[in-house]
2 protein chains.
Amino acid sequence: MASADFILGEFNRKIDERFRLSIPTELAEPLCENSTDLILVKERPGCLSLWNSTHWKAKLDAGVNLVKAKINAGRLEGRTADVQMLGRLLSTRHRNVQLAAKQRMLIPEGFREFLGVEAGGEVLIVGAAICVEIWRTDAWLANLEQQMPEFGGLLDTLSS
Amino acid sequence: MASADFILGEFNRKIDERFRLSIPTELAEPLCENSTDLILVKERPGCLSLWNSTHWKAKLDAGVNLVKAKINAGRLEGRTADVQMLGRLLSTRHRNVQLAAKQRMLIPEGFREFLGVEAGGEVLIVGAAICVEIWRTDAWLANLEQQMPEFGGLLDTLSS
DNA sequence: TACTTAGTGGGCTCAAATCCCACGACTCGA
DNA sequence: TCGAGTCGTGGGATTTGAGCCCACTAAGTA
């Protein structure tokens, strides 16, 4: 990964009548270092994340290759169901999207329901260091309430 | 930290119809030693704090840079979710602001609700030794009531 | 009193965010 | 096969808000 800076910042945005969302320049720029190709991922109900596609591929391939190696080595014989589920998730969890002019992207069918925001609704766009997250407002608040107290400890753990 | 003096003093200020707030000269001067760049932080509901950006960076960057270094070294591969959470919290907790002419700053969207003061409302600006705090009046009073009795003991502990 | 300085209000401008419309591809049913 | 409706895409028009600047006022000072 480039020794890039963390992607940080918090913004309010409205979703179009046609489910388009414009990403603020501060976040779009570091995200699209080399291409306007992005990966949209279902994180949890009420939250999607956006990744630079090359970073994402690197991250994903590493994991997938490990699993493949294990399968080939016969080390997942008894775990067929788990492997199936992994495949299923790989299929549905993420998708390529493009940033069009004005940094606009279309939130595809399937991701709309997951995000849970109707056309014309509001979302929060948040920099999450290595990616950008799109939050339904109430999910964001609930999550924040829960995690804010952990902040100090988290920095300690990760940096130690 | 520079062997600067403590930043002290208490002032009433009005927040503009446009959410502008002018920082008293006594507090703004020591805060802006070298630049008009400041960091605005969400401390607790009803209270924001303002930091000299170089001091703040020193305080935070130490930890953050460690995390960055670990990421670049590939040592947090399995901890993506934690890194994301850290970034998310970094994004929402603080933001750069600038002091314009007359030491006026704009309280950004997101911090307004947190402070809980509507346009045209009153706040207290308080020097807190190493930073400046902006308080909603009632939050300030509640806090004061609770902490005042501890003052004597605190001075003893910190100075001994 | 005249002058200076700090705090506040408000006008102007520019850029960004949002609104809105038009076009073309595609689907579906008659 | 054709027309109507839907959806993705592009781009112009409008609005909103942040930054800049100036004017007014009140308080402190010579």
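Letters A, B, ... are given to chains in the order of the sequence lines, protein chains preceding strands, and every chain is numbered from 1.
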Whole angstrom is fine here: how far is it from [atom1] in [X] over to [atom2] in [N]?
{"X": "A:N12", "N": "D:dT16", "atom1": "CG", "atom2": "C1'", "result": "14 Å"}
{"X": "A:M105", "N": "C:dA17", "atom1": "CE", "atom2": "P", "result": "16 Å"}
{"X": "A:E26", "N": "C:dA17", "atom1": "CD", "atom2": "P", "result": "7 Å"}
{"X": "B:L27", "N": "C:dG7", "atom1": "CG", "atom2": "C1'", "result": "14 Å"}
{"X": "A:R13", "N": "C:dC19", "atom1": "CZ", "atom2": "P", "result": "12 Å"}
{"X": "B:I23", "N": "C:dA6", "atom1": "CD1", "atom2": "C1'", "result": "14 Å"}
{"X": "A:F11", "N": "D:dA18", "atom1": "CZ", "atom2": "C1'", "result": "14 Å"}
{"X": "B:L21", "N": "D:dA18", "atom1": "CG", "atom2": "P", "result": "14 Å"}

Under the rule for side-chain hydrogen bond (donor to acceptor under 3.5 Å, both in side chains), what residues qualify as partners of B:D37, not counting sequence neighbours?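 Once residues adjacent in sequence are excluded, the partners of B:D37 under the side-chain hydrogen bond (donor to acceptor under 3.5 Å, both in side chains) criterion are B:N96.
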
Any chance CD of B:Q147 has more than 12 other-residue heavy atoms, nucleotides or ligands included, within less than 6.0 Å? yes

Please determine whether the number of non-hydrogen atoms from other residues, nucleotides or ligands lying under 6.0 Å from atom CD of A:E29 exceeds 12.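 Open: at most 12 neighbouring heavy atoms sit under 6.0 Å from CD of A:E29.
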
Which residue pairs pass the side chain to side chain donor-acceptor pair (under 3.5 Å) test with at least one member in residues 102-129 of chain B, sequence neighbours excluded? none

Using the side chain to side chain donor-acceptor pair (under 3.5 Å) rule, collect all pairs that involve residues 125-135 of chain A, keeping only residues at least two apart or in two chains.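 Every side chain to side chain donor-acceptor pair (under 3.5 Å) pair that includes a residue of residues 125-135 of chain A, provided the two are not neighbours, is A:E133-A:W135, A:E133-B:Q84, A:E133-B:R88.
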
For a quick test of reading the model, state the closest non-hydrogen atom pair linking [X] to [Y] and the distance between them.
{"X": "A:V117", "Y": "A:I15", "result": "CG1-CD1, 4.0 Å"}
{"X": "B:G120", "Y": "B:E17", "result": "CA-OE2, 3.8 Å"}
{"X": "A:L50", "Y": "A:L31", "result": "O-CD1, 3.7 Å"}

For C:dG7, does either OP1 or OP2 sit under 4.0 Å from a side-chain N or O belonging to B:S22? no

Members besides B:L158 in its Ile/Leu/Val/Met/Phe/Trp/Tyr cluster (side-chain heavy atoms under 4.5 Å):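 Cluster partners of B:L158: B:L154.
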
Taking the side chain as C-beta and beyond, is there a heavy-atom pair between A:K14 and A:R20 under 4.5 Å?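 The answer is no; the side chains never approach within 4.5 Å.
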
If you pin A:A101 and A:E109 to their nearest nucleotides in DNA chain D, which one's is more 5'?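 Between the two, 5'-proximity favours A:E109.
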
Both A:K14 and B:K14 contact DNA chain C. Taking the nearest nucleotide for each, which residue is further toward the 5' end? B:K14

Listed once per pair and sorted, the ring pair (Phe, Tyr, Trp, His ring centres under 6.0 Å) pairs that draw on residues 71-95 of chain B, sequence neighbours left out: B:W56-B:H94

Could you go through nucleotides 10-13 of chain C and list every protein N or O atom that sits under 3.5 Å from one of its N or O atoms, giving the distance for each pair?
unit_1 : atom_1 : unit_2 : atom_2 : d
C:dG10 : N7     : B:R18  : NH2    : 3.4
C:dG10 : N7     : B:R20  : NH2    : 2.9
C:dG10 : O6     : B:R20  : NH1    : 2.7
C:dG10 : O6     : B:R104 : NH2    : 3.3
C:dG11 : N7     : B:R18  : NH2    : 2.9
C:dG11 : O6     : B:R18  : NH1    : 2.8
C:dG11 : O6     : B:R18  : NH2    : 2.9

Using a heavy-atom cut-off of under 4.0 Å over every strand shown, decide if B:P24 touches base, sugar-phosphate, or nothing.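 Touches sugar-phosphate only.
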
With a non-hydrogen cut-off below 4.0 angstrom, is B:A100 in contact with a base, only sugar-phosphate, or nothing?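 No contact.
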
Table of protein N/O atoms under 3.5 Å from nucleotides 23-30 of chain D N/O atoms:
unit_1 : atom_1 : unit_2 : atom_2 : d
D:dA23 : N6     : B:K102 : NZ     : 3.2

Of the residues in residues 112-125 of chain B, which ones touch DNA chain D at a heavy-atom distance under 4.0 Å? B:R112

For [X], give me all partners under salt bridge (Lys or Arg N to Asp or Glu O under 4.0 Å), at least two apart in sequence or on another chain.
{"X": "B:D82", "value": "B:R79"}
{"X": "A:K42", "value": "none"}
{"X": "B:R136", "value": "B:D138"}

For the helix from C:dT1-D:dA30 to C:dA30-D:dT1, figure out the bend between the end axes, five pairs an end, and round to 10 degrees. 20°

